[in-house]
Visitor: 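Dropping the structure in here first, questions after.
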Amino acid sequence: MQPLLIQNTLTGEKEAFKPLHAPHVGMYVCGPTVYSNVHLGNVRTFLTFDIVFRYLTFIGYQVRYVRNITDVGHLTDDGDQGEDKVAKKARLENLEPMEVVQRYTNDFHDVMRVFNILPPSIEPSATGHIVEQIEMIKAILDRGYAYESQGSVYFDVRKFAADYPYGELSGRKIDELISATRALDGQDEKRDGLDFALWKKADETHLMHWPSPWSEGFPGWHLECSVMSTKYLGERFDIHGGGMDLKFPHHECEIAQNVGANGEARPVNYWMHGNMLTVNGRKMAKSEGNGFTPEELITGNHQLLERGYSPMVVRFFMLGGHYGSTLDFSNEALQAAEKGYDRMMQAVAGLAGLTPSDAPGEVDIDAWRRRCFDAMNDDFNTPKLIATLFEGVKWANSAKAGQLALDAAQCALMQRTFSEFAFHVMGLDGEGMPDTAAAGGDNALTPQLLDLLVQLRSDAKTSKDWGTADAIRNALSELGITIQDSKDGSTWNIE
RNA sequence: GGUCCGAUGGCCGAGUGGCUAGGCUCAGCUCUGCAAAAGCUGCUACAGCGGUUCGAAUCCGCUUCGGACCUCCA
């Protein structure tokens, strides 16, 4: 097994990854709240953990990857006046709440598919686990870390903090939090401003509600993740992921709930947080109005976008930065990524048709391959991996130009390495490659027709009929097909 | 206000004490019927000021600027 290091946000250290029950790994990632379309920032987080999932699987772990769908329970405001986001949307759009949920769940799945983000092993929904959530509230009540108040149940943070560490993950201190919550009034149900809801009593206008021992109501904001991670991964599991902005209060509350319910002191061994996608240095968020949807990105139909970009280019762009750093979006950066991506795909395609040298190879492909592993083993460092792969791109191109010797074994190992790291681990789908581009076209005859045209042009070149040769090249160019000449003949490429 | 993080060449973006990624852009060259592609070469940076060290982008301190979280947020 590869010696993998993971930046653990719980400890702040980069630690050697040791699963509780190797080769099995349990991973939980906070999924989307399905009350609106996902934007590109959301996509980045799910991409981050897609890479984690893919790489762990690639190096031989059997991963149970749980990613939830939040379809109830997030309040729009703090305090008692809060309204469920799903219910609010339903009211605004005049829909059944579950209709809203279904619509945006479908949208989410579509987006994930477009970006080649793999589905998780289990995708549980909050509304499907109301019974379990009620059970966990009972357990927390039984252990004395929650109290009922007018039909609602709140987590007693101070009581909990007296027995267990609270704020460990986010580096918060209880006393500092107190002063920060001074502005929140009108919360007379709570004993303390720090307390958070486990169960909320629903008023008459609330659309989504369930019976419980305390009231007809709905579960609190953070409870579902505690419940579903425990149910499918156990009271203690390996990796919990999510966006940086969920660290506090969401993940802190999750830990408190888990510990409060069963006393297991360390429910999660490795906490991982993906950083934000920014636009002009600011976090992309719905409330900022600077977010765009994947569809807008692809079509280019948004004021921030000069034109559209393909999903794989966007994927490649995002992997060009480390998940733990903020990544700034710009048209310039996207266009640079697009060129780099195309160049890599071309080189990989060229590798397949390369004639190996009889002479022994001149570069150390084994060492290069090892450095690919090293990059990923260093906390999933995809930018480093990409840089390493580009060294291979250069060699492949040099070999094709007859300037570098690569023997048969080396060619094979390079192809295998690109296949594994570029396509398998990074999940690029090779859409820019001639074969697949043509296969994805409308007509299976396309490659043959193009081969024919290229052959005609080559014949014209041989007879020095430059007019015909250039006419064919120009005509194809207008159709978005480029012709590349080399010593071994000409090749075509769509787009 | 509190907590935390960041500041790298024209742009993006890795890199935690000496070996000084990578992509894009730009200039020159090679190849080419021309072009494109590709290859080669060049442009060699670490916000500022101090300090530690034989040696710092990398460690420490201060300053300036930016960001995230503290309220739903990937």
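Below, chain A is the first sequence line, B the second, and so on; all start at residue 1.
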Visitor: How would you list, by chain and number, every residue that makes a side chain to side chain contact (heavy atoms under 4.5 Å, CB included) with A:Pro120, sequence neighbours excluded?
Guide: A:Tyr65, A:Arg67, A:Glu123
Visitor: For atom P, what is the distance between B:A37 and B:A27, given to the nearest Å?
Guide: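 Going atom to atom, P in each nucleotide, I get 13 Å.
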Visitor: Considering only B:A74, B:A14, B:G13, which nucleotide approaches the side chain of A:Asp328 most closely?
Guide: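 Among the listed nucleotides, the one closest to the side chain of A:Asp328 is B:G13.
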Visitor: Rounded to whole Å, how long is the line connecting atom OH of A:Tyr323 with atom P of B:A68?
Guide: 21 Å
Visitor: May I have the distance from A:Lys85 (atom NZ) to B:U71 (atom P), rounded to whole angstrom?
Guide: 14 Å
Visitor: Provide the Watson-Crick or G-U wobble partner of B:G1, both distances under 3.5 Å; none if there is no partner.
Guide: B:C70
Visitor: Can you name the closest pair of heavy atoms from A:Ser490 and A:Asp485 and give their distance?
Guide: OG-OD1, 2.7 Å
Visitor: Considering only residues two or more places apart or on different chains, which pairs with a residue in residues 45-54 of chain A satisfy salt bridge (Lys or Arg N to Asp or Glu O under 4.0 Å)?
Guide: A:Asp50-A:Arg54, A:Asp50-A:Arg315
Visitor: Between residues 397-407 of chain A and RNA chain B, which residues have a heavy-atom gap below 4.0 Å?
Guide: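 Under 4.0 Å from RNA chain B: A:Asn397, A:Ser398, A:Gln403.
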Visitor: Under a 3.5 Å cut-off for both distances, is B:U30 Watson-Crick or wobble paired, and to whom?
Guide: B:A38
Visitor: Per the side-chain hydrogen bond (donor to acceptor under 3.5 Å, both in side chains) rule, what does the pair list look like for residues 390-400 of chain A, sequence neighbours excluded?
Guide: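 Every side-chain hydrogen bond (donor to acceptor under 3.5 Å, both in side chains) pair that includes a residue of residues 390-400 of chain A, provided the two are not neighbours, is A:Arg371-A:Glu391.
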Visitor: Under 4.0 Å between any heavy atoms, over every strand shown, what does A:Gly274 touch: base, sugar-phosphate, or nothing? Just pick one.
Guide: nothing
Visitor: Is it true that A:Lys384 and A:Asp378 have a side-chain N and a carboxylate O under 4.0 angstrom from each other?
Guide: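 Here A:Lys384 pairs with A:Asp378 in a salt bridge, since their nearest N and O are under 4.0 Å apart.
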Visitor: So, OP1 or OP2 of B:A14: does either fall under 4.0 Å of a side-chain N or O from A:Ser325?
Guide: yes
Visitor: How would you list, by chain and number, every residue that makes a side chain to side chain donor-acceptor pair (under 3.5 Å) with A:Arg370, sequence neighbours excluded?
Guide: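 Expected list: none.
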Visitor: Among all residues two or more places apart in sequence or in another chain, which pass the side chain to side chain contact (heavy atoms under 4.5 Å, CB included) test with A:Ala126?
Guide: A:Asp71, A:Val72, A:Gln133, A:Glu224
Visitor: Taking only the C1' atom of each, what is the distance from B:G15 to B:G9 in whole angstrom?
Guide: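 Each nucleotide's C1' atom is 15 Å from the other's.
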Visitor: Using a 4.0 Å cut-off on protein heavy atoms (strictly under), produce a 5'-to-3' string for nucleotides 21-29 of chain B with B for base contact, S for backbone-only sugar-phosphate contact, and - for none.
Guide: BSSSS----
Visitor: Expressed as a whole number of angstroms, how long is the span from A:His273:NE2 to B:C73:C1'?
Guide: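 A:His273 atom NE2 is separated from B:C73 atom C1' by 13 Å.
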Visitor: Across the strands shown, which category fits A:Met344 at heavy-atom distances under 4.0 angstrom: base, sugar-phosphate, nothing?
Guide: nothing
Visitor: Please table the atom pairs, donor to acceptor, closer than 3.5 Å between any side-chain atom in residues 39-48 of chain A and protein atoms at least two apart or in another chain.
Guide:
{"residue": "A:His39", "atom": "ND1", "partner": "A:Asn42", "partner atom": "OD1", "Å": "3.2"}
{"residue": "A:His39", "atom": "NE2", "partner": "A:Asn42", "partner atom": "OD1", "Å": "2.9"}
{"residue": "A:Asn42", "atom": "OD1", "partner": "A:His39", "partner atom": "N", "Å": "3.1"}
{"residue": "A:Arg44", "atom": "NH1", "partner": "A:Asn275", "partner atom": "O", "Å": "3.2"}
{"residue": "A:Arg44", "atom": "NH1", "partner": "A:Met276", "partner atom": "O", "Å": "3.0"}
{"residue": "A:Arg44", "atom": "NH1", "partner": "A:Ser325", "partner atom": "O", "Å": "2.9"}
{"residue": "A:Arg44", "atom": "NH2", "partner": "A:His322", "partner atom": "O", "Å": "2.9"}
{"residue": "A:Arg44", "atom": "NH2", "partner": "A:Ser325", "partner atom": "O", "Å": "2.9"}
{"residue": "A:Thr48", "atom": "OG1", "partner": "A:Arg44", "partner atom": "O", "Å": "3.1"}

Visitor: Measure from CG on A:Leu476 to P on B:A35 and round the result to the nearest Å.
Guide: 20 Å
Visitor: What pairs with A:Thr468 under side chain to side chain donor-acceptor pair (under 3.5 Å), at least two apart in sequence or on another chain?
Guide: A:Asp465
Visitor: Atom NZ of A:Lys247 and atom P of B:C73: how far apart are they, to the nearest Å?
Guide: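 Nearest whole value for this atom pair: 16 Å.
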Visitor: Would you measure the distance from the C1' atom in B:U25 across to the matching atom in B:C69 and give it in whole Å?
Guide: 36 Å
Visitor: In terms of side-chain heavy atoms of A:Asn42, which of B:G13, B:A14, B:A74 is nearest?
Guide: B:A74
Visitor: Can you find an N or O donor on one side and an acceptor on the other, under 3.5 Å apart, linking the side chain of A:Asn381 with the base of B:G15?
Guide: no
Visitor: With rounding to the closest Å, how many angstrom separate the P atoms on B:G6 and B:U44?
Guide: 28 Å
Visitor: Verify the contact: side-chain N or O of A:Arg282 to OP1 or OP2 of B:G67, cut-off strictly under 4.0 Å; return yes or no.
Guide: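 For B:G67, OP1 or OP2 has a side-chain N or O of A:Arg282 closer than 4.0 Å.
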Visitor: How many Å lie between CG on A:Asp245 and P on B:C72, as a whole number?
Guide: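 Value for this atom pair: 12 Å.
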Visitor: Is any side-chain nitrogen or oxygen of A:Lys283 closer than 4.0 Å to OP1 or OP2 of B:A74?
Guide: no
Visitor: Counting only side-chain heavy atoms from C-beta out, which of B:G33, B:C70, B:A74 sits nearest to A:Arg172?
Guide: B:C70
Visitor: Provide the Watson-Crick or G-U wobble partner of B:G6, both distances under 3.5 Å; none if there is no partner.
Guide: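 When the pairing criteria are applied, B:C65 turns out to be the nucleotide that pairs with B:G6.
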Visitor: A:Gln410 and A:Ala405: which non-hydrogen atoms are nearest, and at how many Å?
Guide: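 Nearest pair, atom of A:Gln410 first, then A:Ala405: OE1-O, 3.9 Å.
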Visitor: Is there a Watson-Crick or G-U wobble partner for B:G18 with both distances under 3.5 Å, and which nucleotide is it?
Guide: B:C54
Visitor: Indicate, yes or no, whether a donor-acceptor pair under 3.5 Å links the base of B:A68 to the side chain of A:Asn275.
Guide: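 When only heavy-atom distances are counted, A:Asn275 does not reach the base of B:A68 through any donor-acceptor pair under 3.5 Å.
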Visitor: Taking the side chain of A:His39 as heavy atoms from C-beta outward, which of B:A36, B:A74, B:C70 is closest to it?
Guide: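 Output: B:A74.
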Visitor: Who are the ring pair (Phe, Tyr, Trp, His ring centres under 6.0 Å) partners of A:Phe17, not counting sequence neighbours?
Guide: A:Tyr61, A:Tyr270
Visitor: Say you pick atom P in B:U58 and the same atom in B:U16; how far apart are they, in whole Å?
Guide: 12 Å
Visitor: Provide, to the nearest angstrom, the distance between the CZ atom belonging to A:Phe292 and the C1' atom belonging to B:A74.
Guide: 15 Å
Visitor: What interatomic distance, in whole Å, is found between P of B:G17 and the corresponding atom of B:C49?
Guide: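 The same atom, P, in both gives a distance of 24 Å.
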Visitor: Not counting sequence neighbours, which residues clear ring pair (Phe, Tyr, Trp, His ring centres under 6.0 Å) with A:Phe237? List them please.
Guide: none
Visitor: Between B:C43 and B:C54, how many Å separate the two C1' atoms, rounded to a whole number?
Guide: 31 Å
Visitor: Does the pair A:Arg369/A:Asp366 count as a salt bridge with the N-to-O cut at 4.0 Å?
Guide: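 Looking at A:Arg369 and A:Asp366, the cut-off is not met.
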Visitor: Among residues 4-16 of chain A, which residues get a heavy atom nearer than 4.0 Å to RNA chain B?
Guide: none
Visitor: Determine the Euclidean distance between corresponding C1' atoms of B:A74 and B:U20; express it in Å to zero decimal places.
Guide: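 The same atom, C1', in both gives a distance of 36 Å.
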Visitor: Let me see the working for A:Glu338 and A:Tyr309 under side chain to side chain donor-acceptor pair (under 3.5 Å), right down to the final yes or no.
Guide: CA-CA 8 Å; A:Glu338 186 174 68; A:Tyr309 304 94; over 6 Å; no
Visitor: Let me know the distance between CG of A:Leu277 and P of B:A68, rounded to the nearest Å.
Guide: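 Answer to the nearest Å: 12 Å.
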